[in-house]
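The first residue of the sequence shown is numbered 1, and numbering continues consecutively from there.
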Amino acid sequence: MSAAGILSFAQQGWEQVLAKVKWSVVYLDAACAESLHWSCGSSRLLEAVKGPACHLREFEPHAIGGGTKQPRAVFVLSTLLKGQIVDTLQDIICRSHFQHCVVVTAVSHAVHLTANHVPAAAAAELEGQQPVFEQLEEKICEWMGNVNYTAEVLHVPLLLAPAAPHLALTPAFATLFPLLPQDVHVLNSARPDKRRLNSLGEVDATALTPELLLYIRCLVSGLSSLCEHLGVREECFAVGSLSRVIATDLANYAPAKNRKKTATGRASVVFVDRTLDLTGAVGHHGDNLVEKIISALPQLPGHTNDVMVNMIELTAVQAEEENQSVIAPGCLAPSNDASAKALWEALLNTKHKGAVMQVRGHLVEAASREDLPVKMTMGRVTPGQLMSYIQLFKNNLRALTKHCGLLQLGMATVQTLKHPQTAKWDNFLAFERLLLQSLGDSTMAGVLNQLLPMIKSSNQRTSDDYSPEELLILLIYIYSVTGDGTLDKDLREVEEKVKKALARVFSEEAELSPLLQKITGLGCDSAINLTLPKSQIAVNDVFTVLRDIAGARDLMRQFKSVYVPGNNTHQASYKPLLKQVVEEIFNPEKPDPVDIEHVSSGLTDLLKTGFSMFMKVSRPHPSDHPLLILFVVGGVTVSEAKMVKDLVTSLKPGTQVMVLSTRLLKPLNIPELLFATDRLHPDLGF
């Protein structure tokens with residue numbers, strides 16, 4: 001049992017799929033394509049297909065069907081096979097000439113029974129049977145036009161996109177985000193006949209929307225499969241309200257009962273709500289090159305965790321704007337090249353300066369091995385210097401092909417170092433440090449007053465000034481690190497000034513970004529439609545969210561603050577909540593955790609907890625087991641994942657740790673997730 005289990009779990013799932021795809025047209029949805037991208041790459045799938053042409057297609061309603069010479073199809077889907085998903089499946093099959101169809105779903109049959117409202121008792125009696133899949137197989141044969149054709153529907157847990165041996169993401173759950181206090185009002189309005197919820201602390205599974213509950217159950221299905229692969233029985237813990245719901249569902253997941261009885265290993269699974277600490281997600285403390293690459297370069301289309309690297313300078317194509325889409329972009333996901341894999345892991349685990357030197361070292365070494373005329377220079381690494389090494393490979397097709405993965409990481413580094421956003425990173429960091437010092441000397445109102453002169457309209461801004469999106473990131477930082485939702489007279493007055501300035505900036509934007517369109521909620525693709533009154537309404541909503549962020553830790557008793565005041569010897573600083581959680585888990589005195597809540601998995605645990613009040617019965621503790629799985633609900637940064645890994649190694653050597661999360665974060669992701677309208681009603685595809 002090791003952290004390599006993340007990669008082996010993902011690859012084992014894909015091997016099951018690859019065994020089915022020979023001579024087939026393969027349709028994938030975005031989440032499965034992203035899992036493939038990080039697990040073994042599309043080239044591995046193409047090798048398994050063995051077709052003379054590229055037969056990979058996106059699963060969507062207008063996808064091209066199979067021709068007369070394409071009798072086989074494989075559909076690889078991350079979702080439940082229900083509603084619109086089945087309609088799309090039917091549509092593609094009916095206009096094709098398939099005689100053999102395989103449908104792979106990442107969601108277990110047990111969850112399909114839940115989605116079809118089969119009672120738990122009836123579902124238990126169906127153990128070993130798969131009526132939902134069998135019925136769909138019959139329908140697929142009908143759609144193909146001959147009941148004697150072959151249809152197969154099976155479950156393969158394609159949950160993870162493994163970014164590193166210690167870090168994996170769950171692309172199908174990239175939009176899963178913890179609830180905010182304002183969501184309690186929405187939940188109450190949907191249940192007028194039931195007991196009123198007073199806070200997030202009272203939210204349980206019965207209070208959630210059916211869609212969100214089913215979304216969580218789909219995640220739990222995948223996590224249970226991961227635990228089965230690792231051969232462990234999990235003990236579940238939670239920090240935060242949505243984490244408690246997820247942990248409870250995993251602890252009591254009925255299909256896992258037999259697995260838990262026979263498992264020889266043990267693991268602690270600790271879920272943590274991202275909203276309890278947004279400072280680390282929007283802050284720029286992480287001195288990590290990969291974080292800067294993810295923030296600076298455009299997102300790879302259809303992906304949530306990778307970026308597009310412009311590779312045109314390694315070709316003979318002119319680097320004109322109209323040619324940018326001619327050459328397929330590079331990316332970060334490690335290729336089969338051992339050198340590229342080694343560099344990628346070094347970038348994840350090294351500070352910025354060391355990482356840039358690692359890039360130079362790997363490029364020089366690769367060029368030397370290929371007998372290219374490389375001249376090693378010492379001292380500071382510059383983008384021009386790195387580019388000169390990369391250009392050595394340009395006219396050598398064999399070397400270019402062999403070191404393609406390494407060159408993509410090199411190009412990503414060059415483009416990031418030259419990007420204006422990277423220069424601004426240091427400006428953000430300086431302002432964040434100033435804010436931390438100011439908090440010790442003044443009130444929240446005083447801190448906001450410092451931000452006020454930085455709020456400038458588009459016609460007043462220079463490239464060094466903050467855009468509306470960047471101002472939102474700074475506001476989220478301020479409210480999250482302060483953690484004080486108290487609204488006194490001074491704060492109310494300064495907030496009104498900030499609101500007024502921000503509303504004016506929004507309404508005067510020449511063009512609205514996708515985020516501003518989402519925040520205004522008016523479908524304003526044209527800034528002309530955004531009047532000042534509409535902008536003021538949107539800004540009021542922004543501040544409602546900001547106050548929710550400030551009060552996110554109100555229900556915590558131990559983890560109430562991420563701010564460490566300065567003193568005579570130390571400056572004020574930010575102490576990440578994840579760091580506090582890990583330190584508490586491995587506290588040598590092993591006190592009963594206050595905010596890390598153990599979730600019981602049935603009567604035995606409840607009795608144990610009850611007896612512990614009167615007798616010396618030790619309660620389950622997250623440090624009890626040799627494997628810790630830390631799942632951050634709502635996203636994690638590269639720096640946070642490294643911090644957790646390093647902390648566990650130093651506090652309890654020998655303990656394995658896996659950091660899982662819904663997505664890799666860059667600062668801009670947080671306002672996008674906070675202002676999403678589907679937090680309570682995720683799109684399940686039906």
Side-chain angles (χ1 to χ4, degrees), residues 14 25-46 54-64 75-79 85 88 92 106 158 160-163 169-176 290-315 317 319-335 344 404-405 407-409 411-412 415-416 419 421 469 511-518 525 635 662-673 676 678 682-683 685:
W14 280 103
V25 179
V26 182
Y27 296 85
L28 300 104
D29 66 16
C32 282
E34 190 161 8
S35 171
L36 172 70
H37 178 73
W38 288 93
S39 301
C40 49
S42 56
S43 59
R44 180 76 184 82
L45 179 57
L46 287 169
C54 179
H55 292 319
L56 304 191
R57 293 171 190 174
E58 183 182 358
F59 180 80
E60 49 97 20
H62 305 293
I64 300 168
F75 298 85
V76 191
L77 309 173
S78 61
T79 55
I85 299 297
T88 301
I92 294 171
L158 305 171
L160 300 181
L169 300 317
T170 57
F173 304 93
T175 59
L176 182 63
V290 175
E291 281 188 9
K292 294 175 185 179
I293 292 172
I294 291 169
S295 295
L297 301 189
Q299 194 168 291
L300 195 61
H303 289 245
T304 52
N305 302 299
D306 208 342
V307 296
M308 288 197 290
V309 182
N310 190 335
M311 302 300 289
I312 203 164
E313 291 201 46
L314 275 175
T315 70
V317 178
E320 307 294 337
E321 195 165 327
E322 62 267 22
N323 292 334
Q324 295 302 311
S325 60
V326 173
I327 304 297
C331 61
L332 300 179
S335 65
W344 171 246
C404 188
L407 295 171
Q408 289 175 71
L409 293 175
M411 289 293 286
Q415 288 161 28
T416 300
H419 201 283
Q421 190 65 37
E469 296 82 3
E511 194 176 329
L512 295 182
S513 67
L515 176 60
L516 289 186
Q517 289 179 41
K518 188 183 284 187
D525 53 349
T662 44
R663 64 187 297 160
L664 265 188
L665 286 175
K666 59 183 177 183
L668 188 60
N669 290 146
I670 291 300
E672 290 169 348
L673 290 162
D678 57 355
D683 181 10

So how far is it from [X] [atom1] to [Y] [atom2], rounded to the nearest 0.5 Å?
| X | Y | atom1 | atom2 | result |
| --- | --- | --- | --- | --- |
| Leu665 | Glu672 | CG | CD | 10.0 Å |
| Leu77 | Phe59 | CG | CZ | 5.0 Å |
| Gln299 | Thr304 | CD | OG1 | 6.5 Å |
| Ile92 | His62 | CD1 | NE2 | 10.5 Å |
| His303 | Leu332 | NE2 | CG | 11.5 Å |

Are side-chain heavy atoms of [X] and [Y] found at a separation under 4.5 Å?
| X | Y | result |
| --- | --- | --- |
| Leu300 | Pro329 | yes |
| Glu469 | Leu516 | yes |
| Lys518 | Pro514 | no |
| Leu169 | Glu34 | no |
| Phe173 | Ser78 | no |
| Ile85 | Phe75 | no |
| Val290 | Trp344 | yes |

Closest contact, heavy atoms only, [X] versus [Y]:
| X | Y | answer |
| --- | --- | --- |
| Trp38 | Asn305 | CZ2-O, 3.5 Å |
| Leu56 | Ser42 | CD1-CB, 4.4 Å |
| Leu512 | Gln517 | O-NE2, 3.1 Å |
| Ala296 | Thr416 | CB-CG2, 4.2 Å |
| Thr315 | Ile312 | OG1-O, 2.7 Å |
| Val309 | Gln408 | CG1-O, 3.6 Å |

Under a 3.5 Å distance rule, please check whether [X] uses its side chain to pair with a backbone N or O of [Y] as donor and acceptor.
| X | Y | value |
| --- | --- | --- |
| Ser35 | Leu160 | yes |
| Asp683 | Asp678 | no |
| Arg57 | Val25 | no |
| Thr662 | Gly635 | yes |
| Trp14 | Leu158 | no |

Taking it one step at a time, do Leu28 and Leu45 satisfy side-chain contact (heavy atoms from CB on, under 4.5 Å)? CA-CA 11 Å; Leu28 300 104; Leu45 179 57; 4.0 Å; yes
Run the numbers on Ser295 and Gln421 for side chain to side chain donor-acceptor pair (under 3.5 Å), then give the verdict. CA-CA 8 Å; Ser295 295; Gln421 190 65 37; over 6 Å; no
